[in-house]
Q: 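What follows is a single structure, and I will ask about it in a moment.
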Amino acid sequence: MSFPWGVGSATGVGSYPGRDTAEALRIVLGELPELPHLPELPARGPGADLIGRSAGLLVDLAVHVEPSGWRFSDRPGRDTRRSLDHLARDLDVLEEVAHAHDGPFKIQVCGPWTLAAGIELRHGDRALRDPGAVRDLTASLAEGVARHVADVRRRLPGARVLLQIDEPALPAALAGAVPTASGFSRLRAVEAPLAEDGLRQVIEAAGDVFTVVHCCARRVPYALLRGAGAGAISVDLRLLPGRDDDAVGETIDAGVGLFLGVVPGTDTALPALEASAAPVRELWRRLGFPAARLAEQVVITPACGLAEASPRYVRAALKRCRDTARMLYEAAG
């Protein structure tokens, strides 16, 4: 197995509180030196949120904001420009602050199925309802993500770029649990082979980049994500039931990395360091894998994004992730 991060690494999921990209990035670089990432700041409003940020990457597809959320438009308007402006400023700051970074560096985009569940067609139905719209969206996103990866590589020429694809809505799409725009019914379930093909299209378009798929929901489809080409899978460890042990074990055995969310994403009193590490150790012990592989194959993260946390807690949470990863590494040695 060969992973782009060093043993005993920790990283963040994506979102942070506040509006200052430079400050957030300095915190990330300082607290997560082994595997930093580009922070996302949804508090800046539409276009900085999960859906709007990635909708700005779409090629030849425009969006705008309605009271019900994001919707496709006939032509680019103010909301599309705002998404592009937020991302452009973030990348300018990234180049200024981290240009000399020469290790792994992670960026995040929304995946095609979560995007399709979060954007409405012009007449109001969710894009997920229309197979043709999903195909167009997926192809457009794949092209846009490839351009985004190339842009980040140009700005960080010495870095090894990792691409995280966020798919929190994928389990609901597979289960037929995504509500219609009206909320009175549910959309038909997406077939697993179709979901895998769509995700694979985005992963393959990104080129020679290590891909992490993040899914902070229950019923994570591990086999589907592996089949689509994910090099690592990111989950909230608290939502990982014992019945998933076989699927998680197969994922580890296949040489796929695990990003395990062990630190709460909102303000709370953190327990002792040993208590943060214990669930990871217990999972590894239960699955029966050699202890030495844990620090190589596992990256420690917060349970999900930190957008709702206080700035003080963000620093404490990231430090706890780093200290937990170091403890696990030292114990394995």
Q: Consider only side-chain heavy atoms of I, L, V, M, F, W and Y, link residues closer than 4.5 Å, and tell whether V202 and L50 are in one cluster.
A: no

Q: Strictly below 4.0 Å, N to O, side chains only: are D197 and R200 in salt-bridge contact?
A: yes

Q: Taking CZ in R243 as the centre, count heavy atoms belonging to other residues, nucleotides or ligands within less than 6.0 Å. Is the count above 12?
A: no

Q: Taking the side chain as every heavy atom from C-beta outward, state whether W113 and L174 have any atom pair closer than 4.5 Å.
A: no

Q: With V145 as reference, evaluate I203, I107, V109 under the side-chain contact (heavy atoms from CB on, under 4.5 Å) test and give the passing residue.
A: V109

Q: If you define the side chain from C-beta out and look only at heavy atoms, does anything of P36 sit under 4.5 Å from E31?
A: no

Q: For D92, is there an ion pair with R89 - N to carboxylate O distance below 4.0 angstrom?
A: no

Q: Working to the nearest 0.5 angstrom, can you tell me the gap between D236 CG and T301 OG1?
A: 8.0 Å

Q: Of the non-hydrogen atoms in A217 and P171, which two are nearest, and what is the gap between them?
A: CB-CG, 4.1 Å

Q: Apply the test salt bridge (Lys or Arg N to Asp or Glu O under 4.0 Å) to residues R315 and E23: give CA-CA distance (whole Å), side-chain angles for both, the deciding distance (0.1 Å), then the verdict.
A: CA-CA 12 Å; R315 288 182 181 272; E23 175 62 16; 3.3 Å; yes

Q: When you compare the side chain of R322 with that of P33, does any pair of heavy atoms fall below 4.5 Å?
A: yes

Q: Does the side chain to side chain contact (heavy atoms under 4.5 Å, CB included) test come out yes or no for L91 and L38, once each step is laid out?
A: CA-CA 9 Å; L91 293 181; L38 182 62; 4.1 Å; yes

Q: Give a yes or no on whether the backbone of C110 and the side-chain of S54 come within a donor-acceptor separation of less than 3.5 Å.
A: yes

Q: Closer than 3.5 angstrom, by distance alone: can the side chain of R126 be matched with the main-chain N or O of A117 as a donor-acceptor pair?
A: yes

Q: Restricting to non-hydrogen atoms, name the atom on P112 and the atom on L141 that form the minimum distance, rounded to 0.1 Å.
A: N-CD2, 3.6 Å

Q: Looking at E96, I want to see if its CD is surrounded by more than 12 non-hydrogen atoms of other residues, nucleotides or ligands under 6.0 Å.
A: no

Q: Would you indicate whether R286, at its atom CZ, is surrounded by more than 12 heavy atoms from other residues, nucleotides or ligands within a distance under 6.0 Å?
A: yes

Q: Of all heavy-atom pairs between L41 and G18, which one has the smallest distance, and what is that distance?
A: CB-O, 3.5 Å

Q: For R19 and A43, indicate whether the former's side chain and the latter's backbone hold a donor-acceptor pair under 3.5 Å.
A: yes

Q: For residues L84 and G56, report the shortest heavy-atom separation together with the two atoms involved.
A: CD2-O, 3.0 Å

Q: What residues form a side-chain contact (heavy atoms from CB on, under 4.5 Å) with A48, not counting sequence neighbours?
A: R44, H86

Q: How long is the gap from CZ on R71 to CG on D125, to the nearest 0.5 Å?
A: 9.0 Å

Q: Can you confirm whether more than 12 heavy atoms, excluding those of R122, are under 6.0 Å from its CZ atom?
A: yes

Q: Give the C-alpha distance, both sets of side-chain angles, the deciding distance and a yes or no for side chain to side chain donor-acceptor pair (under 3.5 Å) between H64 and S73.
A: CA-CA 6 Å; H64 69 279; S73 304; 2.4 Å; yes

Q: Can you tell me how the ring of H101 sits relative to the ring of F105, calling it parallel under 30°, perpendicular over 60° and tilted otherwise?
A: perpendicular

Q: Could you note down all residue pairs passing side chain to side chain donor-acceptor pair (under 3.5 Å) where residues 261-273 supplies at least one of them, sequence neighbours left out?
A: D267-S310

Q: Decide whether V209 and I233 are clustered together by the hydrophobic rule: side chain heavy atoms of Ile, Leu, Val, Met, Phe, Trp, Tyr closer than 4.5 Å, transitively.
A: yes

Q: Does R188, at its CZ atom, have more than 12 non-hydrogen atoms belonging to other residues, nucleotides or ligands within less than 6.0 Å?
A: no

Q: Are the side chains of L115 and I51 in touch, meaning some heavy atoms are under 4.5 Å apart?
A: yes

Q: Decide, yes or no, whether a salt bridge links D151 with R155 under the criterion of side-chain N to carboxylate O below 4.0 Å.
A: yes

Q: Side chain to side chain donor-acceptor pair (under 3.5 Å) between Q164 and S234: does it pass, once the steps are laid out?
A: CA-CA 9 Å; Q164 176 179 303; S234 174; 5.0 Å; no

Q: Say you draw a straight line from CG of D245 to CD of E250; how long is it, rounded to the nearest 0.5 Å?
A: 11.0 Å

Q: Are T180 and R129 close enough, and set up right, to give a side chain to side chain donor-acceptor pair (under 3.5 Å), and what steps lead you there?
A: CA-CA 8 Å; T180 58; R129 185 170 188 166; 5.9 Å; no

Q: Could you go step by step and tell me if V299 and F3 meet the side chain to side chain contact (heavy atoms under 4.5 Å, CB included) rule?
A: CA-CA 10 Å; V299 174; F3 298 105; over 6 Å; no

Q: Restricting to non-hydrogen atoms, name the atom on V314 and the atom on A309 that form the minimum distance, rounded to 0.1 Å.
A: CG2-CB, 4.0 Å

Q: With rounding to the nearest 0.5 angstrom, report the CD1 to CG distance, I252 to L258.
A: 5.0 Å

Q: Would E282 and R285 pass as an ion pair if we require N to O under 4.0 Å?
A: yes

Q: Counting distance only, does the side-chain N/O of E308 pair as donor-acceptor with the main-chain N or O of G265 below 3.5 Å?
A: no

Q: Check whether any side-chain heavy atom of V235 lies under 4.5 Å from a side-chain heavy atom of L239, and answer yes or no.
A: no

Q: Supply the atom-to-atom distance L237 CG to I300 CD1, rounded to the nearest 0.5 angstrom.
A: 8.0 Å

Q: Are the side chains of S276 and L270 in touch, meaning some heavy atoms are under 4.5 Å apart?
A: no

Q: Checking side chain to side chain contact (heavy atoms under 4.5 Å, CB included) for the pair L170/L224: CA distance, chi angles, key distance, verdict?
A: CA-CA 10 Å; L170 178 56; L224 185 157; 4.2 Å; yes

Q: Does V59 offer a backbone N or O that forms a donor-acceptor pair with the side chain of S140 under 3.5 Å?
A: yes

Q: So that I can tick it off, tell me whether R81 and D85 are bridged by a salt bridge, with the cut-off set at under 4.0 angstrom between side-chain N and carboxylate O.
A: no

Q: Ignoring hydrogens and geometry, is there a side-chain-to-backbone donor-acceptor pair from T114 to G111 under 3.5 Å?
A: no

Q: Taking the side chain as everything from C-beta on, heavy atoms only, tell me whether Y329 gets closer than 4.5 Å to S9.
A: no

Q: Regarding K106 and E40, does a basic nitrogen lie under 4.0 Å from an acidic carboxylate oxygen?
A: no

Q: Does a side-chain N-to-carboxylate-O contact under 4.0 Å join D90 and R53?
A: yes

Q: I'd like to know if R82 and D79 make a salt bridge, using a cut-off of under 4.0 Å between side-chain N and carboxylate O.
A: yes

Q: Do V13 and C216 touch side chain to side chain, with heavy atoms closer than 4.5 Å?
A: no

Q: Could you report the tightest heavy-atom contact between G198 and T138, atom names first, then the distance?
A: O-CG2, 3.5 Å

Q: Within the distance-only criterion (no hydrogens, no angle test), does the side chain of T11 pair as donor or acceptor with the backbone N or O of L35 below 3.5 angstrom?
A: yes

Q: Mind checking whether W284 and F289 have parallel, tilted or perpendicular rings, split at 30° and 60°?
A: tilted

Q: How long is the span from the CZ atom in F210 to the CZ atom in R160, to the nearest 0.5 Å?
A: 7.5 Å

Q: Tell me, yes or no, whether the heavy-atom count around R153 atom CZ, taken from other residues, nucleotides or ligands under 6.0 Å, exceeds 12.
A: yes

Q: Do side-chain atoms of D244 reach the backbone of A247 as a donor and acceptor pair under 3.5 angstrom?
A: no

Q: With sequence neighbours excluded, give me every salt bridge (Lys or Arg N to Asp or Glu O under 4.0 Å) pair touching residues 170-182.
A: none

